[in-house]
There are 4 protein chains.
Amino acid sequence: MSRPAVSRRSIGARPNPETSDAILDAAADLLRRKGLRGLTTDAIAREARASKTTLYRWWPNRGALLLALYVRAKGGSTREDTGSLVEDVARTYARVFGAWQNEGRLFSLIIAEAQHDDGVAEALTAFRKERVADWLPVLRRAEKRRELADDADLEVLAESIVAHAWFYLLTKRLDADPFVLAANVLHPWLRKQDS
Amino acid sequence: MSRPAVSRRSIGARPNPETSDAILDAAADLLRRKGLRGLTTDAIAREARASKTTLYRWWPNRGALLLALYVRAKGGSTREDTGSLVEDVARTYARVFGAWQNEGRLFSLIIAEAQHDDGVAEALTAFRKERVADWLPVLRRAEKRRELADDADLEVLAESIVAHAWFYLLTKRLDADPFVLAANVLHPWLRKQDS
Amino acid sequence: MSRPAVSRRSIGARPNPETSDAILDAAADLLRRKGLRGLTTDAIAREARASKTTLYRWWPNRGALLLALYVRAKGGSTREDTGSLVEDVARTYARVFGAWQNEGRLFSLIIAEAQHDDGVAEALTAFRKERVADWLPVLRRAEKRRELADDADLEVLAESIVAHAWFYLLTKRLDADPFVLAANVLHPWLRKQDS
Amino acid sequence: MSRPAVSRRSIGARPNPETSDAILDAAADLLRRKGLRGLTTDAIAREARASKTTLYRWWPNRGALLLALYVRAKGGSTREDTGSLVEDVARTYARVFGAWQNEGRLFSLIIAEAQHDDGVAEALTAFRKERVADWLPVLRRAEKRRELADDADLEVLAESIVAHAWFYLLTKRLDADPFVLAANVLHPWLRKQDS
DNA sequence: TGTTAATCGAGACGGTACGTCGGGTCTTGCC
DNA sequence: GGCAAGACCCGACGTACCGTCTCGATTAACA
């Protein structure tokens with residue numbers, strides 16, 4: 001699927017939102033068709049029938065663009081609420097791993113980019129904090145249901161859940177069983193069964 | 001400190017280990033003096049008085065060389081044995097974070113490189129497995145000391161320990177308190193105090 | 001004499017002639033200072049404060065660049081007009097041999113390069129045809145002056161003149177006496193003296 | 001057609017002629033199959049199941065090897081004797097151009113190599129002188145037959161004949177009609193028809 | 001209705017690094 | 001000593017990708 005031949009034009013002395021959308025669309029397209037290696041700034045610009053200048057007008061560098069792409073692609077960070085924490089985490093792992101199968105390598109790339117780009121690193125930090133924070137309501141519900149051990153530190157648990165997801169992404173094990181992983185990660189945190 | 005002027009020569013129709021050593025030496029030297037950005041293939045070859053051809057005879061690409069460099073620099077993966085698992089893990093975290101402060105960005109870079117180089121990815125997988133396996137004896141000792149909960153899965157725990165280390169590296173939090181981290185990570189796995 | 005520090009920039013979405021000029025200038029400079037061995041693509045780019053990408057944007061390969069350099073350096077292919085064909089040819093030989101003393105090895109190199117690069121070969125063919133054609137007006141003047149035998153084929157003679165020049169270049173006899181050579185080459189073509 | 005699997009061995013403390021033969025055979029084979037670009041020292045050595053050391057024991061550099069290869073391939077420099085000079089030259093041109101069609105590009109390469117290798121240049125000079133000298137007997141016979149103009153300088157003519165052959169080789173016109181060329185080259189040298 | 005100011009497409013450009021290629025030298029171990 | 005094998009140094013080549021720059025066309029808001 002190639003981009004349409006009509007080229008967007010200026011809409012006056014202000015940014016055209018269609019332009020940034022078209023750029024992200026093009027990038028997503030490229031990612032799907034060519035993989036990570038195809039995501040060069042030149043290719044994105046060409047695919048989007050945009051100019052590199054425009055690319056850099058919208059994002060300060062390649063990493064920022066990639067992060068924007070990832071955020072948009074990922075959609076809402078909805079957490080499940082099944083009434084069981086293991087189930088909630090497992091489903092989230094399943095969903096996230098599924099998404100990562102496609103464009104999760106994109107996220108790896110962002111992590112990589114963050115290693116030598118402070119701007120990307122900052123954005124990534126913010127992103128991580130949000131993801132960790134997303135878990136707190138879920139964990140609090142589980143606490144109320146008395147699923148967790150009494151001394152469980154919710155923030156630490158939230159980080160652990162995220163850390164394992166990242167670890168599996170970076171070590172290319174997205175095909176792992178999300179239920180097993182969730183069970184393993186959560187197991188020590190759960191309230192011991194009263195006999 | 002520049003390299004000595006003596007040049008290694010062929011030692012016949014077989015690889016000369018001195019050559020690869022010299023290359024890694026040169027790379028380590030460069031890393032220390034110029035940082036990550038100085039670790040170009042050209043610079044390494046020049047510094048080692050080697051040819052790039054030779055470099056690529058030993059490692060298929062830059063990432064593989066970097067991994068070799070990291071592995072060698074890291075030295076033995078000795079795990080502590082203090083009689084307390086938390087203490088063991090905390091000390092290892094402390095040691096590893098300390099090492100990473102210096103050349104941990106090297107490791108980040110390798111992880112990054114692995115995302116678009118299958119050879120590096122494979123090497124990294126092997127490396128991760130080794131690191132995880134390194135923990136098993138330590139965990140078994142803790143098990144014998146009855147520090148761990150009865151149903152603790154040692155492999156899962158080992159992975160968790162490593163995962164958190166990587167997570168902190170990649171999210172640039174090497175200044176975190178290793179003892180707090182160790183305590184947090186291990187806490188749910190520990191045997192509940194019998195009152 | 002190093003190049004000035006001012007760096008040329010883009011002049012919009014079209015090639016900047018100043019750039020190619022600067023590249024050829026730099027190459028000429030290098031040739032004079034370092035000789036043929038100094039004419040590497042890297043050195044030329046560095047000297048011209050250009051990037052290798054730009055170099056290859058202008059010429060498809062090193063040989064093409066060298067040919068452009070040669071053509072420009074040679075200047076106009078002005079042929080003499082002394083009223084005597086032998087004199088004309090001799091003077092041209094003298095001038096060309098003189099030029100070749102300096103950068104004629106450049107021309108040899110181009111001929112060499114043409115042997116395994118079709119692009120250069122084509123350019124060289126075109127160049128040869130031009131040089132041969134350059135002689136025709138001169139020969140026609142000589143014909144009018146009744147210097148040449150009646151049955152002289154001007155095109156063949158033109159080629160012969162050029163062929164001998166190349167032959168002497170390639171066999172490294174640029175120190176030969178151009179007048180003797182011209183006399184020898186032309187002698188059989190000249191009208192026999194009427195007694 | 002690949003080389004036999006048996007490898008020649010040393011025949012004691014003296015050069016093994018089979019070795020140099022095998023090397024030239026291999027080079028000829030490569031030239032035919034892969035063209036000029038395939039004639040690298042590595043490839044020749046591999047093809048001949050020889051070592052590069054041996055290559056350089058027999059010839060001081062690549063150019064010398066190529067020249068040896070050319071001389072051997074060309075066979076005797078027999079000149080024709082048909083009773084007509086034009087016919088003699090035309091036939092020789094035909095024969096040489098035919099040979100060059102196959103491996104004449106090799107000769108171009110040697111000329112090229114001579115431009116930056118003095119050893120090859122010397123060998124080439126000697127070779128040229130021989131080729132020019134080869135013509136003298138032929139020309140003397142023609143002189144006796146009164147085919148040539150009285151004032152023809154035989155040495156100059158011989159050089160001219162050779163120069164045109166080289167020129168056509170280097171300008172990639174081996175498909176030219178050798179008879180036309182011979183006629184053109186010789187025409188001004190021939191005795192004018194008495195009417 | 002012109003003038004201004006900004007967006008935008010296009011693509012040349014500098015810079016930096018990568019991986020590859022080829023020539024020629026060397027050392028070992030076998031004959 | 002010749003010879004096969006192949007590691008090694010050196011130097012160069014062509015390619016890739018990033019981020020910057022300059023043009024000229026376009027359009028909306030303002031004069």
Side-chain angles (χ1 to χ4, degrees), chain A residues 7-16 18-19 37 39-43 45-46 48-58 60-63, chain B residues 7-16 18-19 37 39-43 45-46 48-58 60-62, chain C residues 7-16 18-19 37 39-43 45-46 48-58 60-62, chain D residues 7-16 18-19 37 39-43 45-46 48-58 60-63 113 117:
Chain A
S7 55
R8 288 164 314 290
R9 290 295 184 161
S10 167
I11 58 169
R14 68 188 196 282
N16 183 350
E18 279 185 39
T19 301
R37 306 301 298 262
L39 273 190
T40 67
T41 53
D42 287 85
R46 196 176 334 111
R49 297 183 188 283
S51 80
K52 290 216 285 175
T53 311
T54 305
L55 243 89
Y56 283 91
R57 221 192 312 272
W58 283 88
N61 51 50
R62 181 165 171 266
Chain B
S7 59
R8 291 161 319 291
R9 289 297 184 165
S10 168
I11 57 168
R14 65 186 196 282
N16 183 353
E18 280 185 38
T19 300
R37 308 303 296 265
L39 272 190
T40 68
T41 53
D42 286 87
R46 194 177 337 110
R49 296 182 191 283
S51 77
K52 286 212 284 177
T53 311
T54 303
L55 229 109
Y56 283 92
R57 224 194 311 273
W58 282 90
N61 49 53
R62 180 164 169 270
Chain C
S7 58
R8 290 161 319 290
R9 291 297 184 163
S10 168
I11 58 169
R14 65 186 195 281
N16 183 353
E18 281 185 35
T19 301
R37 308 303 296 263
L39 273 190
T40 69
T41 53
D42 286 88
R46 194 175 338 110
R49 296 183 192 281
S51 77
K52 287 215 282 177
T53 310
T54 303
L55 230 109
Y56 284 93
R57 223 192 311 272
W58 281 90
N61 50 52
R62 180 165 169 270
Chain D
S7 56
R8 287 163 317 289
R9 290 294 182 164
S10 167
I11 56 171
R14 67 187 195 284
N16 183 353
E18 279 184 37
T19 300
R37 305 302 296 262
L39 272 190
T40 67
T41 54
D42 287 86
R46 195 176 336 111
R49 296 184 189 282
S51 79
K52 289 215 286 175
T53 312
T54 305
L55 243 88
Y56 284 91
R57 219 192 313 274
W58 284 89
N61 50 49
R62 180 166 170 266
E113 205 97 356
D117 185 315

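By convention in this document, chain letters (A, B, ...) are assigned in the order of the sequence lines, proteins followed by strands, and residues within each chain are numbered from 1. Keep in mind the model is a prediction, meaning the values are calculated, not measured.
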- Distance test, side-chain N/O of A:W58 to OP1/OP2 of E:dC8, below 4.0 Å: yes
- Task: Determine the minimum heavy-atom distance between C:S51 and C:A45, stating which atoms define it.
- Result: C-CB, 4.2 Å
- Item | Polar pair under 3.5 Å, donor/acceptor by atom type, side chain B:T53, base F:dC9 | no
- Query: Out of F:dG6, E:dC21, E:dG11, which nucleotide sits closest to the side chain of C:S10?
  - Reply: E:dG11
- Whichever of B:D42 and A:D42 has its nearest DNA chain F nucleotide further upstream toward 5': B:D42
- Item | Side-chain donor/acceptor of A:R57 to backbone N/O of A:P15, under 3.5 Å | no
- Sugar-phosphate, base or nothing in reach of C:A50, heavy atoms under 4.0 Å: sugar-phosphate
- Message: Can you measure A:L55 atom CG to F:dC18 atom P for me and round it to whole angstrom units?
- Response: 10 Å
- Using whole Å, report how far OH of D:Y56 lies from P of F:dG6. 18 Å
- Item | Nearest-nucleotide 5' precedence on DNA chain E, C:I11 against B:A13 | C:I11
- Out of E:dG24, E:dC8, E:dC18, minimum distance to the side chain of A:T19 belongs to E:dC8
- Query: Among F:dA5, F:dA7, E:dA12, which is the nearest nucleotide to the side chain of D:S51?
  - Reply: F:dA5
- With a 4.0 Å cut-off on heavy atoms, is B:R62 in touch with a base, just the backbone sugar-phosphate, or nothing at all? sugar-phosphate
- Query: Can you tell me how far C1' of F:dG2 sits from NZ of D:K52, to the nearest Å?
  - Reply: 19 Å
- If you take all heavy atoms of B:T41 and B:R62, which pair is closest and at what distance? CG2-CD, 4.1 Å
- Out of F:dG19, E:dG24, F:dC8, which nucleotide sits closest to the side chain of B:N16? F:dC8
- Task: Tell me which nucleotide among F:dA5, F:dC13, F:dG6 gets nearest to the side chain of D:R49.
- Result: F:dA5
- Taking E:dA12, E:dT27, F:dG11 as options, the one with an atom nearest any side-chain atom of C:P15 is E:dA12
- For the pair made of CZ in C:R46 and C1' in F:dC13, what is the distance, rounded to whole Å? 14 Å
- Query: Given F:dG6, E:dC18, E:dG11, which nucleotide is nearest the side-chain atoms of B:T41?
  - Reply: E:dC18
- Task: Look at all strands and tell whether C:R14 reaches a base, only sugar-phosphate, or nothing, counting heavy atoms closer than 4.0 Å.
- Result: sugar-phosphate
- Query: For the side chain of D:T40, counting heavy atoms from C-beta on, which of F:dT15, E:dG22, F:dA5 is nearest?
  - Reply: E:dG22
- Kindly compute the distance separating NZ (C:K52) from OG1 (C:T54), expressed to the nearest 0.5 Å. 12.0 Å
- Residue pair B:R57/A:L39 against DNA chain F: nearer the 5' end by closest nucleotide is B:R57
- Please determine if a side-chain N or O atom of C:T54 lies less than 4.0 Å away from the OP1 or OP2 oxygen of E:dG14. yes
- What is the nucleic acid contact for D:N61, judged by heavy atoms within less than 4.0 Å: base, sugar-phosphate only, or nothing? sugar-phosphate
- Item | Closest contact, heavy atoms only, C:R14 versus C:I11 | NH1-O, 2.8 Å
- Task: Quick one: closest heavy-atom pair of A:W58 and A:N16, and the distance?
- Result: CZ2-O, 3.4 Å
